[in-house]
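Here the structure comes first, spelled out in structure tokens, and everything after it is commentary.
Residue numbers start at 1 and run along the sequence shown.
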Amino acid sequence: MAEARAHPAAIRSARPRGAGARPSAEKGVWHRPALLDLFSDLLTLGAAVALGWALVAWFVSRPLFPLRELVVLTPPAHVTEAQLGYAARLAVQGNFFMVDLDAVRATFEKLPWVRKAEVRRRWPDALELRIEEHEAVAYWTVSESGEARLVNRYGEVFTAASNADLPQFDGPQGSARTLLARHGEFAAMLQPLGLRLVGLALSARQAWRLHLDNGMTVIVGRDQDESPLAERLQRFIAVWPRVQDNIDIDIKVADLRYPGGFALTPADASVLLPAASPAGRKGKK
């Protein structure tokens, strides 16, 4: 009988020691108080954050922080107070916290003469406005449509009204920047003659035409490797004072498209007609 009782005991002792450690893992998450407490804390924190955000959004949307003033930090030269006031009434929606600054900026930039605008909040009830106005340097006419606009010192075309004494640019769409650069180059070359470049035109075929303040038009033509524009114009400028002294005629057009010189068209075409002899005049009578 002693052997019969010892046999089961021997069997039990032969089982692995770790076999009995699994029941706690098989119980799952719901039987782990520490993990449940962590989940509970995270849920509570998330709910608190959501509630706090909702309360903040509700609070700042209340009519407690109205905007009462627009402070213009850069006094404009062309934009009027009426235009600024109209844009502010149109764009400023909401209170100090809820106003859309990007929308306000975009509205001010739609005003004539405004190139860039910058809008910031000023505590407790104001907006600060800085504007950069266009600096017009020329009038612009688009060759294809005939639209009249203005060109600023960056070569950008904008729409506004002006009566300033500015040169006139004419050219294809998108050529304003090229015209501005060429105008500076040609104007500097003409300074020794005491002539001012009041107009510059570029055709669709890339041919250039200059209009001077003495009423003369200079046809320069297209830029070519064998005969660059600057070279042709410089040749004309070098000899023009002597030519003007010798002919003593008002010239309407100077055509520089010739390889060895230029052609002149007088303002009064009658000076080119041969004078009739006295006998011929008597015979006609």
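- L202 contributes atom CG, which lies 9.5 Å from atom CZ of R182 (distance to the nearest 0.5 angstrom).
- A 4.5 Å side-chain heavy-atom check between I251 and W240 finds at least one atom pair inside the cut-off.
- Between P172 and S203, the shortest heavy-atom contact is CG-O, 3.9 Å.
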| request: Decide yes or no on salt bridge (Lys or Arg N to Asp or Glu O under 4.0 Å) for K116 and E118, but give the supporting numbers first. | output: CA-CA 7 Å; K116 290 183 179 180; E118 180 182 346; over 6 Å; no
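- Between A164 and Y139, the closest heavy-atom pair is O-OH, 2.6 Å.
- Under the 4.5 Å side-chain heavy-atom criterion for grouping Ile, Leu, Val, Met, Phe, Trp and Tyr, F236 is connected to I247 within one hydrophobic cluster.
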| request: Mind running side chain to side chain contact (heavy atoms under 4.5 Å, CB included) on V72 and E81 for me, showing each step along the way? | output: CA-CA 10 Å; V72 182; E81 292 185 7; over 6 Å; no
| said: Evaluate L210 against L233 for side chain to side chain contact (heavy atoms under 4.5 Å, CB included), listing each step before the verdict. | reply: CA-CA 10 Å; L210 285 62; L233 185 58; 4.1 Å; yes
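- When all heavy atoms of D223 and P228 are compared, the pair lying nearest together is OD1-CA, 3.3 Å.
- Atom CZ of R120 has 12 or fewer neighbouring heavy atoms from other residues, nucleotides or ligands inside a 6.0 Å radius.
- Once rounded to the nearest 0.5 Å, the distance linking CD of Q244 with CG of L264 reads 10.5 Å.
- A single hydrophobic cluster is seen to contain both V92 and L101, as judged by linkage of ILVMFWY side chains at heavy-atom distances under 4.5 Å, directly or through other members.
- Separating the CZ atom in F169 from the OG atom in S175 is a distance of 10.0 Å, to the nearest 0.5 Å.
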| request: For side chain to side chain contact (heavy atoms under 4.5 Å, CB included), just list the numbers for L127 and R121, CA-CA rounded to whole Å, side-chain angles, deciding distance to a tenth of an Å, and then say yes or no. | output: CA-CA 5 Å; L127 291 179; R121 295 179 177 88; 4.1 Å; yes
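- By the criterion of side-chain heavy atoms lying less than 4.5 angstrom apart, applied directly or through intervening Ile, Leu, Val, Met, Phe, Trp or Tyr residues, W123 is grouped together with L67 in one hydrophobic cluster.
- V220 and R257 make their closest contact through O-CG, 3.9 Å (heavy atoms, listed as atom of the first residue, atom of the second, distance).
- For the atom pair CG of D255 and OG1 of T265, the computed distance is 7.5 Å after rounding to the nearest 0.5 Å.
- Considering every non-hydrogen atom in both L200 and L179, the closest pair reads CD2-O, 3.4 Å.
- Ring orientation note: the planes of F186 and W208 are nearly perpendicular, at an angle over 60° on the 30°/60° scale.
- Here the rule is side chain to side chain contact (heavy atoms under 4.5 Å, CB included) with V137, and of L166, L150, L180, N152 only L180 fits it.
- In this structure, R235 CZ and F262 CZ are separated by 8.5 Å, a value rounded to the nearest 0.5 Å.
- V239 and L195 fall within a single hydrophobic cluster, where Ile, Leu, Val, Met, Phe, Trp and Tyr side chains are chained together by heavy-atom contacts under 4.5 Å.
- More than 12 heavy atoms of other residues, nucleotides or ligands sit less than 6.0 Å from atom CG of D213.
- By the 4.5 Å heavy-atom criterion applied to side chains, H183 and V151 are not counted as neighbours.
- Within the 4.5 Å cutoff, side-chain heavy atoms of Q83 are placed close to those of P112.
- Considering every non-hydrogen atom in both H78 and W113, the closest pair reads CB-CG, 3.4 Å.
- The closest side-chain heavy-atom distance from P76 to L84 is below 4.5 Å.
- Electrostatic pairing of R115 and E132 counts as a salt bridge here, judged by a charged N lying under 4.0 Å from a carboxylate O.
- A continuous path of hydrophobic side-chain contacts links L193 to V243 [ILVMFWY only; heavy atoms under 4.5 Å].
- Rounded to the nearest 0.5 angstrom, Q206 CD and Q224 CD are separated by 13.0 Å.
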